[in-house]
Amino acid sequence: MKHDNTVLVAGGAGFIGYHLCRRLLEEGVEVVCLDNLQTGSLDNIQLLSGYPHFRFVNHDILQPYTGLQHIDQIYNLACPASPPHYQRNPINTTKTCVIGTLNLLELAQMHGCPILQASTSEVYGDAGVSPQPETYNGNVNPIGIRSCYDEGKRCAEILCMDFYRQYRVNVKIVRIFNTYGPNMAVGDGRVVSNFIVQALAGMPMTIYGDGSHTRSFMYVDDLVEGLLCMMGTPDDFTGPVNLGNPDERSIKDLASLIISLSGSSSTFVYQPLPSDDPHQRKPDITLASKKLGWSPVVSLEEGLRRTIDYFRHYKQ
Ligand code: UDP
């Protein structure tokens, strides 16, 4: 990227958005962050404000954004992604996925610039195959409590593909699998931050169901690298591409690992499994490796160590 390039990051005050903005700013480009602070945080904005080429605009993507004369790239990361957060106001979640993405696609069309859409492994729902390749069409309940997010993101993908086919907008779709790392909010509600916060406080760790469900956890720096690689692909490569770490673990094993890495004496407490909670999730990253030359490099143990350090420090 050239130094005078302007990159718009919608959702730049959130967990992934913060890390992406920081990486772009370190490369010297102008970053304009749009965020309505629904789940994004002013703490993240404050950290980014130290960079001279950073600008924050308090804006909800449900409204069209007209504040810039020139945009070189758009990243759409704007949507609550933690189940308790996206389920708090599910109608707003669907609107953000659909109307928000539509507004940003129109902006990309107007500026003739590429747009990267943060989609999700949730488009696979409670997958019937493992690992999940991009060619798997998913098994999503259209009327469940997760559907606002799952179906919202599926609809956003089709908007991207139709903007590409109908208007030749340069769209880039990535399906992001479970991601963790420093700067997750203490109250984020997803499993890694919940477990670390509980372990450090010596509180019981809340395992939903019997802990046999699996997820594959990717460290945030690996994801940011993948996002930049995807943005750098040729115009005719739209994806979707899976970005995830194929190292699959059960939730109970994750809890035990966090106990041992943090030196905690926490116990486990079993709580009911939320409905439609996918049983297993593991990305097939063959396409990312082939098209982006990308694969994750941070092990779960190393990534958790860094994340535990962050939360330990945050607590003080
Ligand atoms: N989970 C858990 N305890 C928690 C939070 C989550 O056992 O405190 C489980 C959840 O039921 C799911 C997995 O951990 O099976 C991952 O949940 P998360 O909310 O992090 O992300 P998801 O992949 O479900 O969107």
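Position 1 is the first residue of the sequence; numbering continues from there. All ligand and atom numbering here is 1-based and tracks the order in the structure. Fair warning: this is a prediction, and the values are worked out from it, not measured in the lab.
Looking at V191 against ligand 1, both its backbone and its side chain come within 4.0 Å, counting heavy atoms. Within the 4.0 Å heavy-atom criterion, the part of N178 lying near ligand 1 is the side chain and not the backbone. Of the heavy atoms in K252, none comes closer than 4.0 Å to ligand 1. Contact annotation for T206 and ligand 1: heavy atoms of both the backbone and the side chain come within less than 4.0 Å of the ligand. Under 4.0 angstrom from ligand 1, there are no non-hydrogen atoms of Q271. Using a 4.0 Å cut-off between heavy atoms, M205 makes no contact with ligand 1 at all.
Summarising the geometry of S130 relative to K282, their closest heavy-atom pair is OG-CB, 4.0 Å, with the distance given to 0.1 Å.
A heavy-atom distance below 4.5 Å is found between the side chains of W294 and L243.
Taking the ring centre of Y164 as origin, the terminal cationic atom of R168 falls inside the region bounded by 6.0 Å and 45° from the ring axis.
Side-chain atoms of S264 come within 3.5 Å of backbone N or O of A199 as a donor-acceptor pair. Although no hydrogens or angles enter the test, the distance criterion places a donor-acceptor pair under 3.5 Å between the side chain of R175 and the main chain of E134. With hydrogens and angles ignored, the 3.5 Å screen pairs no side-chain donor or acceptor of H313 with any backbone N or O of I308.
Looking from atom 1 (N) of ligand 1 to the surrounding protein, the closest heavy atom is Y208 CD1, 3.4 Å. Nearest protein neighbour of atom 10 (C) of ligand 1, counting heavy atoms only, is D277 OD2, 3.3 Å. Here the protein heavy atom with the shortest distance to atom 16 (C) of ligand 1 is R215 NE, 3.6 Å. Protein heavy atom at the shortest distance from atom 22 (P) of ligand 1 is R146 NH2, 3.5 Å. For atom 13 (C) of ligand 1, the closest non-hydrogen atom on the protein side is I251 CD1, 3.6 Å.
A search for ring-ring contact (aromatic ring centres under 6.0 Å, His included) contacts involving F217 returns nothing, not counting sequence neighbours.
Near R281, the atoms of ligand 1 lying under 4.0 angstrom from a non-hydrogen atom of the residue are 22 (P), 23 (O). Distances below 4.0 Å separate heavy atoms of I207 from the following atoms of ligand 1: 7 (O). Counting the atoms of ligand 1 from 1 in the order shown, those under 4.0 Å from a heavy atom of R190 are 18 (P), 19 (O), 20 (O).
The closest approach between any non-hydrogen atom of E122 and ligand 1 is below 4.0 Å.
Salt bridge annotation for R165-D162: present, with a cationic side-chain nitrogen under 4.0 angstrom from a carboxylate oxygen. Using a 4.0 Å cut-off between charged nitrogen and carboxylate oxygen, R146 and E151 do not count as a salt-bridge pair. We find that R281 and E248 are not joined by a salt bridge, their nearest charged nitrogen and carboxylate oxygen being 4.0 Å or further apart.
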With a 3.5 Å cut-off and sequence neighbours excluded, list the donor-acceptor pairs that the side chains of residues 61-70 form with protein atoms.
residue: H70; atom: NE2; partner: D72; partner atom: OD1; Å: 2.9
residue: H70; atom: NE2; partner: D72; partner atom: OD2; Å: 3.2

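Residue H213 has no nitrogen or oxygen atom sitting less than 3.5 Å from a nitrogen or oxygen atom of ligand 1, judged on distance alone. In terms of polar-atom proximity, N194 is counted as a contact of ligand 1, with an N or O under 3.5 Å from an N or O of the ligand.
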